[in-house]
Amino acid sequence: MCNNYVQLLEACIASKSLKHGKIIHQHLLKLSNNDFSSTQSLLLDKLTRLYISCNKPQLAERVFNSIHISERKYKIILWNQMIRAYAWDGPFEKAIDLYYEMVDSGVMPTKFTYPFVLKACSALQDVENGVKIHGHVKRLDLGCDVYVCTALVDFYMKCGCLEEAMEVFDRMLERDVVAWNAMISGFSLHGLCWDAIRLVLEMQHMGVNPNSSTVAAILPAIGEAGRWREGKAIHGFCLRRGFDGEEVVGTGLLDVYGKCGWLVYAKRMFGALRFKNEITWTAMIGAFVTCDATTEGLDLFRKMRVEVAVSPSPVMLATVIRGCAKLNDLNIGRQIHCYTIKLAYYCDLMVSNTILSMYAKCGPNNDAIRFFEEMPLKDPVSYSAIISGSVHNGNAEEALQIFLNMRKAGIELELATMMGFLPACSHLAALQHGVCGHGYSIVCGFTADVSICNSLIDMYSKCGKIDMARLVFDKMCERDVVSWNAMMVGYGIHGLAREAISMFHKMLNVGEKPDDITFIALLSACSHSGLVNEGKHWFLSMTQEYNIVPRMDHYFCMVDLLGRAGLLDEAWHFISGMPFEPDAQIWTALLAACRIHKNVELAEEVSNRIQSLEPEGTGNFVLLFNLYTTAQRWNDAAHVRIKQKNLGFKKSPGCSWIEVNGIVHAFVGGDGSHPESGKINKKLEEFLAEMKALGYKPESTFVYQDVEEEEKEKILLHHSEKLAVAFGIISLKPNRPIIVTKNLRVCGDCHAALKYITIITKREITVRDTSRFHHFRNGICSCGEFW
DNA sequence: ATAGGGTTAG
């Protein structure tokens, strides 16, 4: 009877029939009175094998454990197979546990044990156990086995221990193509393109022929590095060897072409492949997205849905969603989002992070934050995406809050998190948080990264610490165009145009090529310092010497430059000579200039143009309104206000904020909601009396309501920037800097008053408004009255 | 073999 069961089980193993196997298992349980141990070990052996072959390692392990311990010792193949089954698709910890159990029960592992258990270690990134197991290998004298050594190389490489991997590899007496491939794919995994290529050449030199796996292993690194020349060379090699028709190689080549921007070649590879699997389709869609042919990519996705009757994989949907984000197409984005819900991919972090980032990029809206809050699983990537997304959508305060929650929840900070956090500090001028971010970046080694340092330069300069920004810049081992641009922008907003220009020359001296943003930085620096002739010079040389076609933004800088300097007619002519239609922003720059230089007639003309171009804007109304009130034309002013109201626009209120002990306190004009409001008002009253004694006269032209003088004085005294400064003075120790940020341009009366306050309090005050910094000290402002 | 988060401009 027993033999019959053995034969039955063997039949089940051969046909991988779990269903029948389970029935037999039940029978055996009944026969043996639910006592496994009395069942013959041969049957248990077969049953274990069956469960392993059906990929049910847990069931297999349970049956295996009922074999008597003395017999289990000799079932080495079963041990190995169970470890393999766990190492295949987890739980990986079980593979490692089983390995130790095996060793502890005195069973000698074989060379077949190690590749499996090491695979489990690399899946878990468990270096500690991997190293311990490496020790066992040495003791068991398996250190020369190609199979085991290749597994060790693969393990070390996947865990990022490149030196250990190389050491094992170098000691190998013989190396087959698989061993070389382990090294090559390891380098490729870490983006070390040149090391991977060097090894391919070396292996050929040693007489080992690369196979199609070698090619497949090296292609991702080539693609990531954008080395299209090497990609083409490998393509040629594949053609000679006949590898190019293989799905894996063909897909890899397609991907390289896509990543290098050679869409035509990518399409040709795709067309030439006889067999296309889902990965091939995904790679092609991704190539379209990367090469800015996103619409075509989405079309291909639809075509695939019709032609191939399989549900798209998470990776494919992530690629498609990336496309929606790039197209700024919330409609299709939402559809794909629904589709992922239908396919139950909502627990796939990669998919949900892509959706999150799409909502953030297509903002500003509340979709991103809502989606984030409802995510069942979140990882550091999700946090990074929502932090940078919130900053991108103009909500830096929210970004800061999420960052602090993240810290509280103990979630690991990654480099990209910092890349979202530092701009949030820049926006808020939250110097204390920014400095913490800098410290943390040093500790984590992030400061070795050029982009992090670029963000630090930006953070310090926007927090008023231009010298610290320069210090970061000077300490960088490596700089890119962004570093120079960020530094120049910093000098520009601090009114240090000369320094910005000198940076530009230094940049040219070290051979860095200026880009379009470099010139925006240069032109806006000139504009803030009133360097009209320099600005004109750079605008011309930008096209003539550097072959950069001026964009709308460059024209904006020029209009701003001419306008601020009072050259209104020239600015007008400059706009008329533009090669394309000026947008509302350009006209607004001119309108702002009209306000500074009190030219009502031109302002009316310009305002009409703005309204025809962009009826939604409110800045236009505000500027015109202010201009009329300054000219005391109250009727015209009222008319503008009525028109604005009828059209349903509200002016965004002036808001100023200051960071005190890591908390950002915000104020609007006349704000009495702050807990310290009583003290703030008292301080301001004191200042008013002292200022008047020093010769201050409230400039009532900056009050845009037609009310009594006394009332005007009160309104002026409670402008948001004065409230924030007063709060700073009463809450910060005398040695702490006072840095206030405002969402609009600083008001003229406040500008005058703050100068007096620096005399009275003997403190330095910094105000950052929308266009630049004002450093007040001893009754003088760094802007030299030019802003 | 395909794959998620990122710096400078107004």
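These numbers were taken from a predicted model, which means no experiment stands behind them. Throughout, a chain's letter reflects where its sequence line sits, starting with A, and its residues are numbered from 1.
Looking at heavy-atom distances under 4.0 Å, A/Glu278 makes no contact with the nucleic acid at all. Contacts of A/Arg551 with the nucleic acid, taken as non-hydrogen atoms under 4.0 Å apart, include base atoms. Using a 4.0 Å heavy-atom criterion, one finds that A/Lys276 contacts no nucleic acid atom at all. Using a 4.0 Å heavy-atom distance criterion, A/Asp379 is classed as a base contact. Backbone-only contact: A/Asp255 has heavy atoms under 4.0 Å from sugar-phosphate atoms and none from a base. Within 4.0 Å (heavy atoms only), A/Ala416 reaches at least one base atom of the nucleic acid. Contacts of A/Ser313 with the nucleic acid, taken as non-hydrogen atoms under 4.0 Å apart, are absent. Using a 4.0 Å heavy-atom cutoff across all strands shown, A/Pro220 reaches sugar-phosphate atoms only and no base atom. Using a 4.0 Å heavy-atom cutoff across all strands shown, A/Ala521 reaches no nucleic acid atom at all. The residue A/Asp348 sits apart from the nucleic acid: no heavy atom pair falls under 4.0 Å. Using a 4.0 Å heavy-atom cutoff across all strands shown, A/Leu219 reaches no nucleic acid atom at all. Note on A/Leu349: a base of the nucleic acid sits closer than 4.0 angstrom, heavy atoms only. Counting any heavy atom pair closer than 4.0 Å across all strands shown, A/Lys259 reaches sugar-phosphate atoms only and no base atom. Residue contacts for A/Leu356: at a heavy-atom cut-off of 4.0 Å it reaches no nucleic acid atom on any strand shown.
Taking the six-membered ring where tryptophan is involved, the planes of A/Phe371 and A/Tyr359 are tilted, since the angle between them lies from 30° to 60°. Taking the six-membered ring for Trp and thresholds of 30 and 60 degrees, A/Tyr257 and A/Trp262 have ring planes inclined between 30 and 60 degrees apart.
Checked against A/Phe519 for a ring pair (Phe, Tyr, Trp, His ring centres under 6.0 Å), the options A/Phe504, A/Tyr555, A/Trp484 give a single hit: A/Phe504.
Looking at A/Asp560 and A/Ser527, their side chains do bring a donor and an acceptor atom within 3.5 Å of each other. Of the N and O atoms on the side chains of A/Thr280 and A/Thr251, at least one donor lies less than 3.5 Å from an acceptor on the other residue. A side-chain donor from one of A/Ser382 and A/Asp379 sits under 3.5 Å from a side-chain acceptor of the other.
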Show your reasoning for whether ring-ring contact (aromatic ring centres under 6.0 Å, His included) applies to A/Phe539 and A/Phe574.
CA-CA 12 Å; A/Phe539 188 79; A/Phe574 183 79; 5.5 Å; yes
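Chain A approaches DNA chain B within less than 4.0 angstrom (heavy atoms of the protein), and the contacting nucleotides run 5' to 3' from B/dA1 to B/dG10.
For the contact set between residues 456-463 of chain A and DNA chain B, defined by any heavy atom under 4.0 Å, the members are A/Asp458, A/Lys462.
Counting non-hydrogen atoms of neighbouring residues, nucleotides and ligands closer than 6.0 angstrom, the CD atom of A/Glu307 exceeds 12 such neighbours.
Using a distance-only test at 3.5 Å, with no hydrogens or angles considered, no donor-acceptor pair links the side chain of A/His774 to the main chain of A/Asp769.
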